[in-house]
Amino acid sequence: MASLSIPGVEDPDETGLSAPVCRTVTPDGDVLLLVSGDSAAARAAAHAQDDDLTVVMEITDVAPVSVPHRIRGRAWVAGWLTPVREQRAEAALLLAERHPVGELLGLGEALQPDPAPGLYGRTAWMMLRLEVGEGAVDDLWGAESVEPDDFADAAADPLVAHEAELLQHLHAAHSDQVRGLCTLLGDRRDVCGLRGRAVPVGLDRFGLRVRFTDAEEHTFDARFDFPEPVRDVAELRRAMHLLFEAAAE
């Protein structure tokens, strides 16, 4: 979930300082955004000079399973916002790769030489480019700043497109095995009691994160690392089998 904040730009119509409909990152480390032409960000970018419009994009990472305190972390990317004026077809293709239903999200209209007008004469959709100046992350592992070069060099986790579905499947079909992981918690294994609960709340190439709740309703998160990072869903299945087998010994 992402939102944009532009210093000095208010949104009296409450259309949202344009939560982007979709977003992706270019090989050079810029962030491409598709926003409604009626949004405050689109209006501000259309009237600003190149590299003059400063913006902060806040990304909230929410667990895809139902648990209390579902926010797993937040990230901020600050930089300069401009409309995509050149290489628009390439930008649209990158967005479509991340969001295959791009045509339904307005990419077709955004690519027209004279974009389809929306309400009050504004364009229906606009592609924006955020040139990254700095970033920061605040999550379970602490707060840390991110340099633009590191942001550009970072690669998406290979499980990111499947994480929500996999966590929901683990919770619905393998809840007993997930709960059994408490045997690996050493002196905290008492959460294995009959009234204890365990919900998988995070999954990446390095391991699984589980939220445990004991009989007294005390809650904590535990991380279970895989023997080595996984590269795809097939390797994930093998890693999960090894994890569950270790817990059952």
Side-chain angles (χ1 to χ4, degrees), residues 1-7 17-35 41 44-45 48 50-64 70-88 90-99 102 127-164 166-167 201-209 221-233 235-236 239:
M1 182 169 58
S3 61
L4 299 177
S5 177
I6 303 173
L17 272 185
S18 22
V21 177
C22 61
R23 64 185 188 276
T24 193
V25 180
T26 72
D28 295 329
D30 293 339
V31 183
L32 295 176
L33 308 165
L34 182 69
V35 300
D50 286 355
D51 299 335
D52 279 349
L53 187 64
T54 57
V55 63
V56 177
M57 180 172 66
E58 179 177 348
I59 302 170
T60 304
D61 180 25
V62 181
R70 290 179 65 181
I71 295 178
R72 301 183 296 190
R74 286 187 170 88
W76 296 266
V77 178
W80 302 272
L81 196 67
T82 57
V84 175
R85 297 190 177 98
E86 299 179 357
Q87 299 180 322
R88 296 170 69 204
E90 291 85 346
L93 285 174
L94 282 173
L95 284 167
E97 286 177 6
R98 179 66 177 85
H99 300 269
M127 285 188 294
L128 303 177
R129 184 186 304 274
L130 196 170
E131 180 185 346
V132 177
E134 60 181 334
V137 175
D138 187 357
D139 58 18
L140 182 67
W141 296 273
E144 185 175 357
S145 61
V146 180
E147 295 296 323
D149 288 344
D150 293 331
F151 181 85
D153 292 340
D157 190 278
L159 302 181
V160 66
H162 311 286
E163 187 200 18
L166 290 168
L167 286 176
V201 293
L203 182 65
D204 56 47
R205 64 185 182 274
F206 298 111
L208 175 69
R209 176 177 164 189
D221 285 7
R223 175 87 178 181
F224 300 94
D225 292 332
F226 299 141
E228 59 185 23
V230 302
R231 293 172 294 183
D232 51 37
V233 174
E235 290 188 3
L236 172 67

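A heavy-atom distance below 4.5 Å is not found between the side chains of D139 and D61. The closest side-chain heavy-atom distance from L236 to H162 is not below 4.5 Å. For the pair L34/R23, no side-chain contact is recorded, criterion being any heavy-atom separation below 4.5 Å from C-beta on. Side-chain contact between T60 and S3: absent, with no pair of heavy atoms (C-beta onward) separated by less than 4.5 Å. Two residues are said to be in side-chain contact when any heavy atoms from C-beta on lie closer than 4.5 Å; L128 and V55 fail this criterion.
Taking each heavy atom of L203 and E163 in turn, the nearest pair found is N-OE2, 3.0 Å. Considering all non-hydrogen atoms of both residues, G29 and V132 come closest at O-CG2, 3.4 Å. Shown here for R209 and R72, the closest heavy-atom pair between the two residues is NH1-CB, 3.9 Å. What you find for G133 and P148 is that their closest heavy atoms are O-CG, 3.1 Å. The two atoms that bring A2 and P20 nearest to each other are O-CD, 3.6 Å, heavy atoms only. Closest approach of A41 and I6 over heavy atoms only: CA-CD1, 3.7 Å.
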- Message: Test side chain to side chain contact (heavy atoms under 4.5 Å, CB included) on V146 and V77; report intermediate values, then the result.
- Response: CA-CA 9 Å; V146 180; V77 178; over 6 Å; no
- Test L33 against L4 for side chain to side chain contact (heavy atoms under 4.5 Å, CB included), laying out the working first. CA-CA 10 Å; L33 308 165; L4 299 177; 4.0 Å; yes
- Worked verdict on W80 versus L53 for side chain to side chain contact (heavy atoms under 4.5 Å, CB included): CA-CA 5 Å; W80 302 272; L53 187 64; over 6 Å; no
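Remark: the backbone N or O of D30 is not paired with any side-chain donor or acceptor of D28 at under 3.5 angstrom.
Salt-bridge check for R223 with D225: passed, with a basic side-chain N closer than 4.0 Å to an acidic carboxylate O. Between D138 and R74, none of the side-chain N atoms (NZ, or NE/NH1/NH2) sits under 4.0 Å from a carboxylate O, so this pair counts as no salt bridge.
The structure places CZ of F226 at 7.5 Å from CG of D204, a figure rounded to the nearest 0.5 Å. To the nearest 0.5 Å, atoms CZ (R205) and CD (E235) are separated by 12.5 Å. Separating the CG atom in L94 from the SG atom in C22 is a distance of 11.0 Å, to the nearest 0.5 Å.
Only one option out of T26, L81, L130 pairs with V31 in a side-chain contact (heavy atoms from CB on, under 4.5 Å); it is L130.
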